[in-house]
**Student:** 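My questions will all concern the structure given below.
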Amino acid sequence: MKQQLPQTLRQLSDSFLSKSLDPISVVEQCIALAKTRNNLNAFVSLSAAEARKHAENSAERYRDGKHLGVVDGAPIAIKDNFCTKNVPTTCASRMLKNFVPTYNATVYNRLKRQGALLLGKTNMDQFAMGSGSVDSIFGPTKNCWSENLQNDEFRIAGGSSGGSAVAVASGVCFAALGSDTGGSTRNPASYCGVVGFKSTYGLLSRHGLIPLVNSMDVPGIITRNIDDCVAVFNTIAGPDDRDSTTIKSRFEPIQLAQSNHISLKGLKVGIPIEYHCEGLSDDVLKAWTDVADMLEDAGAKVEPVSLPYTSASIFVYSILNQCEVSSNMARFDGIEYGHRSDEETSTEQLYAKSRAEGLNSVVKNRILAGNYFLLRKNYEKYFMKALKVRRLIANDFDEVFRKVHILLTPTTLSVAPLYKNFMSSNNRDQCAVQDFCTQPANMGGIPALSLPIRLSEELLPISLQLMGPSFSEQTLFEVAKWIETQVQFDRYY
Ligand code: GLN
């Protein structure tokens, strides 16, 4: 479906500068689009009144020549696990259905200060636990590339930031924030044909992001192209006094050259043999091989490399995830935070009832498993062991990045599955397949990016992933931009 709005943040800001568009009319169009595409279930709430108010301020800045930067006046969306002042933040759960934060997450604050307009909060798997955006109290998000949106015939959006990916892919907003603990930004970006990026751990503040796995969580960025991703990254990255795990040194903004000035000579690209895994579809494999050849033809050296601990990754991730979940979720007890059951007979009953009513079975299972792994008798056997293997997984990356600059892999093993097929397995098995290529980067804390490459025969997006050593964002974005220019992915669904 073709539309009149500009495609990218850069084009949008140029059209504000040239006065061919103004933020007020753009925000109106985006609100109207969000309503007509309501059937995709990308948003859990719209902040139309707020967005309109801020659009007026932005329009005034453009009129007075005092605009703030490339995101000024741009409608954006934010996953519903980032705190937004006076705007409900539900984590798609009954537990937080009525939670209205009194403060903004740092990453949102920084976008807001630069004039971005919050259009709405996006759908997700409850508490970001999942890979499909199917486990939400608001119902599943539907992929805008689906051949059929009726009943359970639609394609999943991927997850857990599926709402954000669909909001961007369907043209409703220009950029969105997701979160990425094991692939939740890159996975839906891959299925929806948009760019999905997770930075080096600590470059983006987690303040105000409701935690899943603190040691792996990173805010994620979803945009329609690499330039926009860089623009958003430059706006939100850098130290934050409110998050002690942010990197303390000053953040140097990424400066991207035009793609015809990007040279691949001397670039070494690794193809991890372990990512040729069971379940990898032929069309993803073909796209992977073609892009590797393309890089080689342009002067890069492409070679197979090995990350031997990849196969342990899903198990280790799963244990560490559940342990951190059991501890993080303890705050949702119906007293300090969240849903409170009416059926209390004692304080213990109140805890139990509130949690039983407020959390879905995926969250409950993870809490139970995490508590089991953390029992005194199991602590060494599971939690400590998983931490040690996590170190080995991170070491694999350190080793390999002595030989190559970046890694090229699939993001997902196939195109977006049909909802009805996806739902035939449980959350744990879904994550094991969906996150195979994405979880290792979170355990290593390294940056990773998913980039759409082409459409499959069924006209569904196929994407690939680039990973680099910590703080290699500049190289990652340059190579991604070079590939983007070569493949010319058609962003319209
Ligand atoms: N699918 C993974 C999980 O459920 C990753 C989630 C995420 O990155 N937030 O834990």
Side-chain angles (χ1 to χ4, degrees), residues 78-82 91-93 105 107 122-136 140-141 156-165 176-191 196-199 201 204 206 209-222 313-329 359-367 369-370 373 386 390 411-413 416-417 422-423 425-450 465 467:
I78 298 200
K79 186 176 180 180
D80 211 22
N81 58 350
F82 286 94
C91 278
S93 68
V107 282
T122 56
N123 205 2
M124 55 186 280
D125 290 299
Q126 188 162 140
F127 286 99
M129 299 184 203
S131 310
S133 302
V134 294
D135 286 322
S136 156
T141 297
I156 63 159
S160 59
S161 318
S164 288
L177 293 182
S179 61
D180 198 308
T181 307
S184 273
T185 294
R186 289 161 286 153
N187 172 293
S190 168
Y191 286 155
F197 167 66
K198 101 167 247 306
S199 71
Y201 182 84
L204 294 178
R206 292 181 295 113
L209 167 62
I210 295 171
L212 173 58
V213 183
N214 309 48
S215 68
M216 298 180 207
D217 292 344
V218 185
I221 300 171
I222 297 178
S313 167
I314 292 289
F315 305 107
V316 171
Y317 173 87
S318 162
I319 293 171
L320 295 177
N321 179 299
Q322 289 161 351
C323 292
E324 291 202 39
V325 161
S326 67
S327 140
N328 273 327
M329 298 306 292
L359 303 171
N360 72 2
S361 60
V362 174
V363 178
K364 285 180 201 156
N365 282 340
R366 291 196 192 190
I367 295 172
F373 293 137
R390 177 181 180 175
T411 312
T412 49
L413 305 183
F422 187 74
M423 295 309 280
S425 58
N426 64 29
N427 174 275
R428 209 190 48 202
D429 296 341
Q430 289 161 2
C431 291
V433 177
Q434 297 295 318
D435 305 342
F436 184 86
C437 301
T438 51
Q439 284 179 1
N442 296 76
M443 280 187 287
I446 59 172
L449 181 148
S450 178
Q465 175 177 241
M467 294 185 269

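For the numbers below, each heavy atom of this structure counts, side chains included, while hydrogens, waters and symmetry mates do not. Atoms within each ligand, like the ligands themselves, are counted from 1 in listed order.
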**Student:** For ligand 1, note which part of Asn321 has a heavy atom under 4.0 Å away: side chain, backbone, both or neither.
**Tutor:**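 The part of Asn321 near ligand 1 is the side chain, not the backbone.
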
**Student:** Run the numbers for me: atoms of ligand 1, each under 4.0 Å from some heavy atom of Tyr317, listed by number.
**Tutor:**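 By the 4.0 Å cutoff, the relevant atoms are 2 (C), 3 (C), 5 (C), 6 (C), 10 (O).
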
**Student:** With Asn442, which of Arg390, Arg186, Lys198 fulfils side-chain hydrogen bond (donor to acceptor under 3.5 Å, both in side chains)?
**Tutor:**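 The option that passes is Arg186.
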
**Student:** What atoms of ligand 1 come within less than 4.0 Å of a heavy atom belonging to Ser160?
**Tutor:**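 Atoms satisfying the 4.0 Å criterion: 9 (N).
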
**Student:** Do any nitrogen or oxygen atoms of Arg366 come within less than 3.5 Å of a nitrogen or oxygen of ligand 1?
**Tutor:**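 Yes.
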
**Student:** Go through ligand 1 atom by atom and flag the ones less than 4.0 Å from a non-hydrogen atom of Met129.
**Tutor:**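 Every atom of ligand 1 under 4.0 Å from some heavy atom of Met129: 4 (O).
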
**Student:** Is there at least one pair of N or O atoms, one from Ser179 and one from ligand 1, spaced under 3.5 Å apart?
**Tutor:**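 Checking ligand 1 against Ser179, no N or O pair falls under 3.5 Å apart.
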
**Student:** Would you mind finding which of Asp435, Val218, Asn427 brings a heavy atom closest to atom 2 (C) of ligand 1?
**Tutor:**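 Nearest option to atom 2 (C) of ligand 1, by heavy atoms: Asp435.
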
**Student:** Provide the closest heavy-atom pair for Leu209 versus Ala105 in the form atom of the first, atom of the second, distance.
**Tutor:**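 Between these two residues, the closest heavy atoms are N-CB, 4.4 Å.
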
**Student:** With atoms numbered from 1 as shown, which atoms in ligand 1 lie under 4.0 angstrom from a non-hydrogen atom of Gly182?
**Tutor:**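 Result: 5 (C), 7 (C), 8 (O).
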
**Student:** Quick one: look at Ser184 and ligand 1, take heavy-atom pairs under 4.0 Å, and tell me if it's side chain, backbone, both or neither.
**Tutor:**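 Under 4.0 Å from ligand 1, Ser184 contributes backbone and side-chain atoms.
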
**Student:** Pick out which of Ser179, Ser93, Ser161, Ser184 makes a side-chain hydrogen bond (donor to acceptor under 3.5 Å, both in side chains) with Asn81.
**Tutor:**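 Of the listed residues Ser179, Ser93, Ser161, Ser184, the side-chain hydrogen bond (donor to acceptor under 3.5 Å, both in side chains) partner of Asn81 is Ser179.
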
**Student:** Would you give the length of the straight line joining atom CD of Gln434 to atom OG1 of Thr412, rounded to the nearest 0.5 angstrom?
**Tutor:**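 Answer for the CD-OG1 pair, Gln434 versus Thr412, is 7.0 Å.
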
**Student:** Is there a donor-acceptor contact under 3.5 Å linking the side chains of Arg366 and Asn328?
**Tutor:**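 No - no donor-acceptor pair under 3.5 Å links their side chains.
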
**Student:** At less than 4.0 angstrom from any non-hydrogen atom of Gly130, what atoms of ligand 1 do you find?
**Tutor:**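 Matching atoms, with element in brackets: 1 (N), 2 (C), 3 (C), 4 (O), 6 (C).
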
**Student:** Hey, does Gln439 come in under 3.5 Å of ligand 1, counting only N/O atoms on both sides?
**Tutor:**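 For ligand 1, there is no N or O atom that lies under 3.5 Å from one belonging to Gln439.
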
**Student:** Considering both backbone and side-chain atoms of Cys431, is one of its nitrogen or oxygen atoms within less than 3.5 Å of a nitrogen or oxygen in ligand 1?
**Tutor:**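 In fact, backbone or side chain, Cys431 has no N or O that close.
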
**Student:** Say whether Leu212, considering both its backbone and side-chain N or O atoms, lies within less than 3.5 Å of an N or O atom on ligand 1.
**Tutor:**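 There is no such contact.
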
**Student:** Considering distance alone, does some N or O of Ala128 sit under 3.5 Å from an N or O of ligand 1?
**Tutor:**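 Checking ligand 1 against Ala128, an N or O pair does fall under 3.5 Å apart.
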
**Student:** Start with the C-alpha distance between Val107 and Leu177, add both sets of side-chain angles, then the distance that settles side chain to side chain contact (heavy atoms under 4.5 Å, CB included), and finish with yes or no.
**Tutor:** CA-CA 9 Å; Val107 282; Leu177 293 182; 3.8 Å; yes

**Student:** Yes or no on side-chain hydrogen bond (donor to acceptor under 3.5 Å, both in side chains) for Ser160 and Lys79, after CA distance, side-chain angles and deciding distance?
**Tutor:** CA-CA 9 Å; Ser160 59; Lys79 186 176 180 180; 2.8 Å; yes

**Student:** Going by the order shown, which atoms of ligand 1 are within less than 4.0 Å of some heavy atom of Gly183?
**Tutor:**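 Contacts of ligand 1 toward Gly183, numbered from 1: 8 (O).
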
**Student:** Just by distance, with hydrogens left out, do Thr141 and Asn123 show a side-chain donor and acceptor under 3.5 Å apart?
**Tutor:**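 A pair is found: one side chain offers a donor N or O, the other an acceptor, under 3.5 Å apart.
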
**Student:** Gln465 vs Thr438, test: side chain to side chain contact (heavy atoms under 4.5 Å, CB included). Steps then yes/no.
**Tutor:** CA-CA 8 Å; Gln465 175 177 241; Thr438 51; 3.8 Å; yes

